[in-house]
Novice: 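One structure coming up, written as structure tokens, with questions to follow.
The structure displayed is predicted, hence computed values, not measured ones. Below, chains carry the letters A, B, ... as their sequence lines are ordered, and counting in each starts from 1. Values reported hereafter were calculated over all heavy atoms of this structure, with side chains retained and with hydrogens, waters and symmetry mates removed.
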2 protein chains.
Amino acid sequence: MPPNKVKSAEPSVAPKRQHKADAKAAAHPHAKPRPLTRIQREKQDLILEAALEVFSVHGFRGSTIDQIAEVAGMSKPNLLYYFPRKEEIHRRLMSALLDTWLAPLKEMDAGGDPFPEIRSYIRRKLEMARDYPRESRLFANEMLQGAPRIIEMLEVDLRNLVDEKAQILLGWMDQGKLAHTDPYHLIFSIWATTQHYADFDVQVRAVLGKDRGGEGRFEDAARYLEQLFLFGLTPRKA
Amino acid sequence: MPPNKVKSAEPSVAPKRQHKADAKAAAHPHAKPRPLTRIQREKQDLILEAALEVFSVHGFRGSTIDQIAEVAGMSKPNLLYYFPRKEEIHRRLMSALLDTWLAPLKEMDAGGDPFPEIRSYIRRKLEMARDYPRESRLFANEMLQGAPRIIEMLEVDLRNLVDEKAQILLGWMDQGKLAHTDPYHLIFSIWATTQHYADFDVQVRAVLGKDRGGEGRFEDAARYLEQLFLFGLTPRKA
DNA sequence: AGAAATTTTGACCAGTTGGAAAAATGTTAG
DNA sequence: CTAACATTTTTCCAACTGGTCAAAATTTCT
């Protein structure tokens with residue numbers, strides 16, 4: 001019984017040929033890897049920008065190197081000269097992304113008071129959804145697929161960060177400065193409500209319509225979220 | 001200059017051959033389209049189930065007919081006998097989905113009181129995220145791609161429904177039964193916070209860890225969200 | 001049972017996709 | 001200027017993809 005074609009999602013990873021730069025670097029592991037030329041930096045940035053555009057919409061499997069190359073305005077082999085494999089591009093995007101993405105949470109300061117801190121955290125996240133929607137969607141796409149390429153980072157870096165901030169929130173709660181509730185789900189709810197405006201942008205626009213769906217929607221969202229997180233929906237007597 | 005290969009994402013839609021069943025139906029437009037046989041219903045359901053599994057993870061472009069066929073346990077040509085094109089499967093999934101998806105909101109009743117209504121709306125949505133996470137992800141995937149296949153439904157059906165419910169919310173606000181705030185963003189925030197537990201499930205699990213990440217997370221979420229939407233995070237004096 | 005209809009299979013196809021190889025064309029330090 | 005290096009283009013390929021088709025196997029109906 002000959003071994004039938006084995007079905008695998010990704011093509012088998014036969015160690016093929018090395019990229020020139022890689023080969024060079026590998027030859028002298030301790031040699032400083034020759035700083036990138038101006039062109040290299042420019043083109044890599046161009047490619048990453050194009051890849052962000054494509055990956056953020058179609059996900060990893062749904063995106064093709066050709067598409068990315070076209071958006072970047074270069075030929076596919078040329079693109080492959082800078083990033084010898086599709087995965088490489090995606091990895092670069094993701095690791096750059098995670099840093100940016102967690103930065104706002106890192107800023108939450110135990111020394112501050114809970115409401116100003118939470119309020120400006122929400123604001124920063126909402127600004128990111130407004131100003132970097134593609135990054136948000138790239139991240140969302142990875143999540144939907146089960147985060148195969150960043151799962152460890154989530155389980156280590158993200159988890160530690162959230163644990164740390166959850167402690168801060170618990171501290172505030174114990175001081176009676178913040179309602180006593182689940183700090184993890186509190187953080188989830190901030191992520192969810194803010195990223196929604198990037199990831200589900202089409203839906204938000206469709207529902208709000210042309211008139212209310214303009215750029216003002218982010219300010220409306222900010223006002224609403226502030227109310228929600230501060231007081232909830234219970235009416236207060238003026 | 002001969003016309004170069006024109007680049008198009010989807011293959012050109014030359015009207016090829018019709019599916020047998022379709023052809024038959026087309027021949028007698030008024031004949032009742034012969035109820036599906038038992039096998040047809042079973043196999044179609046099998047395929048749709050498999051397609052949901054695959055599409056919800058990889059999106060439309062990232063999923064292949066082969067994958068779906070394999071999950072459904074049948075050969076690709078056999079699958080294509082029931083659904084002559086990939087798009088057809090996706091369309092069927094999406095239209096079935098939208099109904100289910102909006103059902104909870106439809107139930108929100110102007111005759112009720114705001115808090116019980118909102119509270120049970122949140123609960124229903126959270127149950128859907130728990131019990132139908134694949135459907136939620138399928139929907140999210142479509143959103144991330146700009147909802148190309150359901151944009152009109154969003155702009156008509158969804159929009160009308162939300163408009164209607166926003167009116168109800170406004171009514172409650174005017175009666176002083178609900179804090180005066182933006183009803184559209186209120187609805188968005190319910191969608192966002194509940195669907196988050198399906199769409200970002202990996203992340204939620206990664207952050208909560210093995211111990212706190214079990215099924216109990218949905219009850220914790222429900223409790224937290226109730227607090228959030230009712231009172232926000234301001235501490236109340238017991 | 002036997003004819004008719006339905007379902008399944010295997011072989012096949014054209015276009016796409018990720019990637020390799022090598023030749024051709026810049027660019028730059030000496 | 002020219003050798004060494006960096007960049008780009010052309011050509012090519014094997015695997016994958018959506019889909020077709022005719023024949024074979026099976027089920028249903030009379």
Novice: Give the nucleotide from the list dC21(D), dG18(D), dT7(C) with an atom nearest to the side chain of Pro77(B).
Specialist: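 Ranking dC21(D), dG18(D), dT7(C) by closest atom to the Pro77(B) side chain puts dC21(D) first.
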Novice: Do Glu87(B) and Phe60(B) have side chains that approach each other closer than 4.5 Å (heavy atoms only, starting at C-beta)?
Specialist: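 In contact.
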Novice: Any donor-acceptor pair, under 3.5 Å, between the side chain of Lys86(A) and the base of dG19(C), if you only look at N and O atoms?
Specialist: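 For Lys86(A), whose side chain was compared with the base of dG19(C), there is no donor-acceptor pair (under 3.5 Å).
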Novice: Counting heavy atoms from C-beta on, name the nucleotide in dT7(C), dT9(D), dG18(D) closest to the side chain of Asn78(A).
Specialist: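 Looking only at heavy atoms from C-beta outward on Asn78(A), the closest nucleotide is dT9(D).
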Novice: Of all the choices, dT10(D), dG19(D), dT9(C), which nucleotide is nearest to the side chain of Arg85(B) once you look at every atom?
Specialist: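 Within the option list, the nearest is dG19(D).
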Novice: Could you tell me the separation between the CG atom of Leu80(B) and the C1' atom of dA22(D), rounded to a whole number of Å?
Specialist: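 In whole Å, dA22(D) C1' lies 16 Å from Leu80(B) CG.
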Novice: From OH of Tyr82(A) over to P of dG18(C), roughly how many Å is that when rounded to an integer?
Specialist: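 These atoms are roughly 20 Å apart.
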Novice: Is a donor from one side chain sitting under 3.5 angstrom from an acceptor on the other, for Asp220(A) and Tyr184(B)?
Specialist: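 Side chains of Asp220(A) and Tyr184(B): no pair found under 3.5 Å.
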Novice: On DNA chain C, check which nucleotide each of Lys76(B) and Lys43(B) is closest to and give me the residue with the more 5' one.
Specialist: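 Looking at the nearest nucleotide for each, Lys43(B) comes out on the 5' side.
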Novice: Less than 4.5 Å apart, side chain to side chain, heavy atoms only: is that true for Arg92(B) and Phe83(B)?
Specialist: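 Side chain of Arg92(B) against side chain of Phe83(B), heavy atoms only: contact under 4.5 Å found.
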Novice: Give Ser75(A) one of three labels, base, sugar-phosphate or nothing, depending on what nucleic acid heavy atoms sit under 4.0 Å from its own.
Specialist: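 Here Ser75(A) touches the bases of the nucleic acid.
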Novice: What is the distance, rounded to the nearest whole Å, between atom CG of Leu46(A) and atom C1' of dT7(D)?
Specialist: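 These atoms are roughly 14 Å apart.
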Novice: Measure CG/Leu79(A) against P/dG18(C) and give the value in whole Å, please.
Specialist: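 Going from Leu79(A) (CG) to dG18(C) (P), I get 10 Å.
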Novice: Without decimals, in angstroms, what is the distance between Phe60(B) CZ and dT17(D) P?
Specialist: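 So the two atoms are 14 Å apart, to the nearest Å.
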Novice: Under the 6.0 Å and 45° cation-pi test, does Arg130(B) pair with Tyr197(B)?
Specialist: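 Negative - Arg130(B) is either too far from the ring of Tyr197(B) or too far off its axis.
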Novice: Among dG18(D), dT7(C), dT8(D), which is the nearest nucleotide to the side chain of Tyr81(B)?
Specialist: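 Comparing dG18(D), dT7(C), dT8(D) against the side chain of Tyr81(B), the answer is dT7(C).
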Novice: In whole Å, I'd like the distance from the CZ atom of Phe83(B) to the C1' atom of dT7(C).
Specialist: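 Rounding to the nearest Å, CZ of Phe83(B) and C1' of dT7(C) are 15 Å apart.
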Novice: Using whole Å, what does the distance between atom P of nucleotide dA5(C) and atom CD of Gln40(B) come to?
Specialist: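 Roughly 14 Å, once rounded to whole Å.
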Novice: Rounding to an integer number of Å, can you tell me how far Arg41(B) CZ sits from dT7(C) C1'?
Specialist: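 Spelled out: CZ on Arg41(B) to C1' on dT7(C) is 16 Å.
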Novice: Cut-off 3.5 Å, side chains only: do Thr100(B) and Tyr132(B) have a donor facing an acceptor?
Specialist: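 Short answer, no.
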